[in-house]
Amino acid sequence: MDSHNAWPALPLNEWQDTFRTLQLWTQIAGKVRLTLSPKVNHWWNVSLYVSPRGLTTSTIPYARRRLK
């Protein structure tokens, strides 16, 4: 394998706190979306999407406003 294209090692014990924080924040975003979005089959309304800037959701309706 070419060392120029190799992925760096990610030993979990070195970034365990970051991993847990990211997991909790994504759960919070999912719960907010679940609560505020209209229901869709198979929970499609709560998914997070990968974007060039990280994880995102589509617009979430809230009262007469929208969250992004």
Side-chain angles (χ1 to χ4, degrees):
M1 181 175 191
D2 185 8
S3 63
H4 295 254
N5 296 324
W7 287 83
L10 292 173
L12 184 58
N13 60 344
E14 292 181 16
W15 66 287
Q16 185 79 32
D17 292 340
T18 303
F19 169 76
R20 297 235 185 260
T21 301
L22 179 61
Q23 180 185 18
L24 292 174
W25 277 109
T26 55
Q27 285 180 349
I28 290 168
K31 298 284 184 183
V32 168
R33 177 126 184 200
L34 175 65
T35 301
L36 298 178
S37 297
K39 306 300 180 247
V40 179
N41 293 340
H42 307 290
W43 304 103
W44 293 344
N45 58 309
V46 297
S47 58
L48 296 172
Y49 308 103
V50 178
S51 77
R53 300 186 83 190
L55 295 175
T56 188
T57 68
S58 57
T59 304
I60 303 170
Y62 177 69
R64 293 180 176 218
R65 296 180 165 181
R66 295 175 182 253
L67 304 174
K68 179 73 175 156

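Note that this is a predicted model, so its numbers are computed, not measured.
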Under 4.5 Å between any side-chain heavy atoms of Thr56 and Leu48, yes or no?
-> no

Quickly, which of Val46, Leu34, Leu36, Thr35 forms a side chain to side chain contact (heavy atoms under 4.5 Å, CB included) with Ile60? Name it, please.
-> Leu36

Rounded distance (nearest 0.5 Å) linking atom OG of Ser58 with atom CZ of Arg33 | 3.5 Å

So CD of Glu14 and CG of Leu12: to nearest 0.5 Å the spacing works out to 10.0 Å

Which residue pairs pass the ring pair (Phe, Tyr, Trp, His ring centres under 6.0 Å) test with at least one member in residues 16-41, sequence neighbours excluded?
-> Trp15-Phe19

Spacing of CG belonging to Leu55 relative to OH belonging to Tyr49, to within rounding of 0.5 Å = 12.0 Å

dist Thr18:OG1 -> Leu22:CG (nearest 0.5 Å) comes out at 8.5 Å

